[in-house]
Amino acid sequence: MKVVLSVVLLLVLGTVLADERCPALDDPELPPVLLPHPTDCDKFLICSHGVPVVSKCPPGLHWNDAAKQCDYPSEAQCVVPERK
């Protein structure tokens, strides 16, 4: 039951944060596609079968998209676009 609920939750979150940059198919010979979260510097997206799955950096770290890893905020240089 927990597994089914987790899968449904991931699919719902992925649908809410749909991102056309996630490839529909995963290439097993390449690392996963990692993307910055659109509104939160301490989160990032891991593409899985075309669905972006939200992941969180450890406390105090931000997503460094250039390095594709969580990093110190001064190194990550994350800037979230202002909402209009």
Side-chain angles (χ1 to χ4, degrees):
M1 180 69 177
K2 285 184 179 181
V3 172
V4 172
L5 184 59
S6 297
V7 170
V8 169
L9 184 59
L10 288 175
L11 290 175
V12 169
L13 284 175
T15 303
V16 171
L17 294 171
D19 195 314
E20 63 277 352
R21 297 176 293 171
C22 283
L25 299 174
D26 295 340
D27 186 338
E29 298 199 18
L30 295 175
V33 175
L34 304 173
L35 303 170
H37 190 278
T39 62
D40 199 334
C41 286
D42 67 349
K43 295 178 182 170
F44 60 99
L45 307 174
I46 302 172
C47 294
S48 177
H49 304 288
V51 177
V53 178
V54 177
S55 190
K56 190 168 175 54
C57 290
L61 299 182
H62 283 178
W63 178 249
N64 182 332
D65 198 46
K68 299 292 184 196
Q69 65 183 20
C70 295
D71 207 344
Y72 294 108
S74 61
E75 295 295 320
Q77 299 295 309
C78 176
V79 178
V80 174
E82 287 186 35
R83 291 186 176 189
K84 295 181 181 180

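The line from CD of Q77 to NE2 of H62 is 11.0 Å long, rounded to the nearest 0.5 Å. One distance of note links CG of D71 with SG of C78; it measures 11.5 Å at 0.5 Å rounding. If you take SG on C22 and NE2 on H49, they are separated by 11.5 Å, rounding to the nearest 0.5 Å. From C41, atom SG reaches atom CG of N64 across 11.0 Å, with rounding to the nearest 0.5 Å.
Within a 6.0 Å sphere centred on CG of L30, heavy atoms belonging to other residues, nucleotides or ligands number more than 12.
A side-chain donor-acceptor contact under 3.5 Å links K68 to the backbone of L34. No donor-acceptor pair under 3.5 Å is formed between the side chain of D26 and the backbone N or O of P28.
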Quiz item: After noting the C-alpha distance and the side-chain angles of C70 and W63, does the key distance pass the side-chain contact (heavy atoms from CB on, under 4.5 Å) rule?
Solution: CA-CA 4 Å; C70 295; W63 178 249; 4.1 Å; yes
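By the 4.5 Å heavy-atom criterion applied to side chains, H37 and T39 are counted as neighbours. A 4.5 Å side-chain heavy-atom check between L35 and P52 finds every atom pair outside the cut-off.
Linking Ile, Leu, Val, Met, Phe, Trp and Tyr whenever their side-chain heavy atoms come within less than 4.5 Å leaves V54 and F44 in two separate clusters.
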